Amino acid sequence: MPKRSPPEMSTASRILLVEDDVALVELLRWHLEQDDFEVQSTPSGETALRLVQEQSPDLILLDWMIEELSGLEVCRRLRNGGDYPNVPIIMLTARGEEVDRVNALETGADDYITKPFSPKELLARVRAVLRRVRPVLATERLRFADLEMDLASYRVRRGGQSVSIGPTEFRLLRHFMENPRRAFPRERLMHNVWGPSSDIDARTVDVHIRRLRLALASVEGPELIRTIRGVGYSLDDDLG
């Protein structure tokens, strides 16, 4: 199967969770999905190698002791001759000795977290690894369709022309450009853009969506903000 081209922008990342503890899988899946990651899981090392080929995840959470192949062997095969040698890998294991950590890192793991761990710590490690490996964060630019967002200078261009945009609309557009073609309910936008402690309501989201649409419409081009009845909004270049 052909490789997936590297993303132009920081998307909602796909996580492959390779873990045979069913309770832990459900716990981690819930926390990862709450943080807007897409999660696929398997308890099998052999299946994990196949899923990497088929799904090309953005990051792998890999338990050391799993079915069929050990996590260490899965890591070794991916790093040595696999089609996706650069996919970031975080090892999950109860083996906390220094020699085990060194072994995992020398085999090619990007990070190592010892059980038991808190879901918050795991999420922090995941985000840190993704920040290190994503080229878009190094260039500080997001692109989608004819939009370009410069995160360093706080500027937005459409079709090469400057777009005047307010700070809240900038944050809203950034969130959409980091998660293109993905539908977000108003409640999720409130949480992700304004923060979990914000006291705004859904109507405030609608107001800023209108302002964002007006700003983007100041430069000629197709509508990019899609309203999904009964759901919310998405950034999409195929509204047909």
Side-chain angles (χ1 to χ4, degrees), residues 4-15 32-38 58-59 86 88 110 120 123-228 231-239:
R4 178 170 55 91
S5 300
E8 265 194 311
M9 62 212 78
S10 124
T11 63
S13 299
R14 288 178 283 190
I15 306 295
L32 288 163
E33 290 179 346
Q34 286 295 302
D35 212 46
D36 290 323
F37 291 105
E38 298 175 9
D58 296 295
L59 182 140
N86 298 318
D110 296 274
K120 286 185 178 180
L123 285 169
R125 299 282 191 98
V126 167
R127 288 191 290 261
V129 169
L130 288 173
R131 282 197 300 269
R132 292 201 300 267
V133 302
R134 280 179 171 165
V136 66
L137 294 181
T139 62
E140 296 185 310
R141 291 179 187 271
L142 302 176
R143 293 181 178 86
F144 180 81
D146 59 351
L147 291 176
E148 179 177 336
M149 174 176 279
D150 188 321
L151 302 179
S153 65
Y154 241 66
R155 292 180 178 175
V156 176
R157 291 182 177 274
R158 182 170 193 189
Q161 299 183 52
S162 180
V163 174
S164 178
I165 191 168
T168 301
E169 288 72 43
F170 186 94
R171 295 198 310 273
L172 187 59
L173 180 60
R174 175 176 179 173
H175 180 67
F176 280 132
M177 291 183 72
E178 289 178 340
N179 301 275
R181 303 186 183 92
R182 178 166 182 172
F184 287 96
R186 291 170 177 82
E187 293 76 14
R188 177 54 58 182
L189 291 172
M190 290 160 56
H191 181 279
N192 292 350
V193 178
W194 281 266
S197 60
S198 173
D199 59 358
I200 69 164
D201 58 23
R203 295 181 65 184
T204 301
V205 176
D206 295 338
V207 168
H208 286 284
I209 289 287
R210 282 199 299 273
R211 290 179 181 174
L212 177 57
R213 280 179 164 147
L214 287 172
L216 296 181
S218 67
V219 175
E220 186 175 352
E223 175 67 69
L224 293 176
I225 304 297
R226 177 186 177 200
T227 299
I228 306 168
V231 178
Y233 301 99
S234 71
L235 181 70
D236 201 329
D237 54 355
D238 182 13
L239 303 185

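Because the structure is a prediction, the values reported are computed rather than measured.
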Residues, nucleotides or ligands: over 12 heavy atoms within 6.0 Å of Arg155 CZ
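Not more than 12 within 6.0 Å, no.
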
Please check if the side chain of Arg186 supplies one atom and the backbone of Tyr233 the other of a donor-acceptor pair under 3.5 Å.
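It does not hold such a pair.
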
Polar side-chain atom of Asp201 near backbone of Arg203 as donor-acceptor pair, under 3.5 Å:
yes

Can you measure from [atom1] ([X]) to [atom2] ([Y]) and round to the nearest 0.5 angstrom?
X: Asp236; Y: Thr227; atom1: CG; atom2: OG1; value: 11.5 Å
X: Ile225; Y: Leu214; atom1: CD1; atom2: CG; value: 11.5 Å
X: Ile165; Y: Leu172; atom1: CD1; atom2: CG; value: 8.0 Å
X: Met177; Y: Leu151; atom1: CE; atom2: CG; value: 8.5 Å
X: Leu235; Y: Leu224; atom1: CG; atom2: CG; value: 6.0 Å
X: Met190; Y: Glu187; atom1: CE; atom2: CD; value: 6.0 Å

Closest approach of Ser234 and Ile228, non-hydrogen atoms and distance?
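That closest heavy-atom pairing would be OG-CD1, 3.9 Å.
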
Measure across Ala215 and Ser218 and return the closest heavy-atom pair with its distance rounded to 0.1 Å.
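That closest heavy-atom pairing would be O-OG, 2.6 Å.
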
So [Y] and [X], do their side chains get closer than 4.5 Å, heavy atoms only?
X: Arg188; Y: Gln34; result: yes
X: Leu173; Y: Leu147; result: yes
X: Asp110; Y: Leu59; result: no
X: Arg211; Y: His208; result: yes
X: Asp58; Y: Phe37; result: no

Asp36 versus Asn179, side-chain donor and acceptor atoms under 3.5 Å
no

Quickly, which of Trp194, Phe144, Phe184 forms a ring-ring contact (aromatic ring centres under 6.0 Å, His included) with His175? Name it, please.
Phe184

Show every side-chain hydrogen bond (donor to acceptor under 3.5 Å, both in side chains) that has at least one partner inside residues 156-168, sequence neighbours left out.
Asp146-Arg158

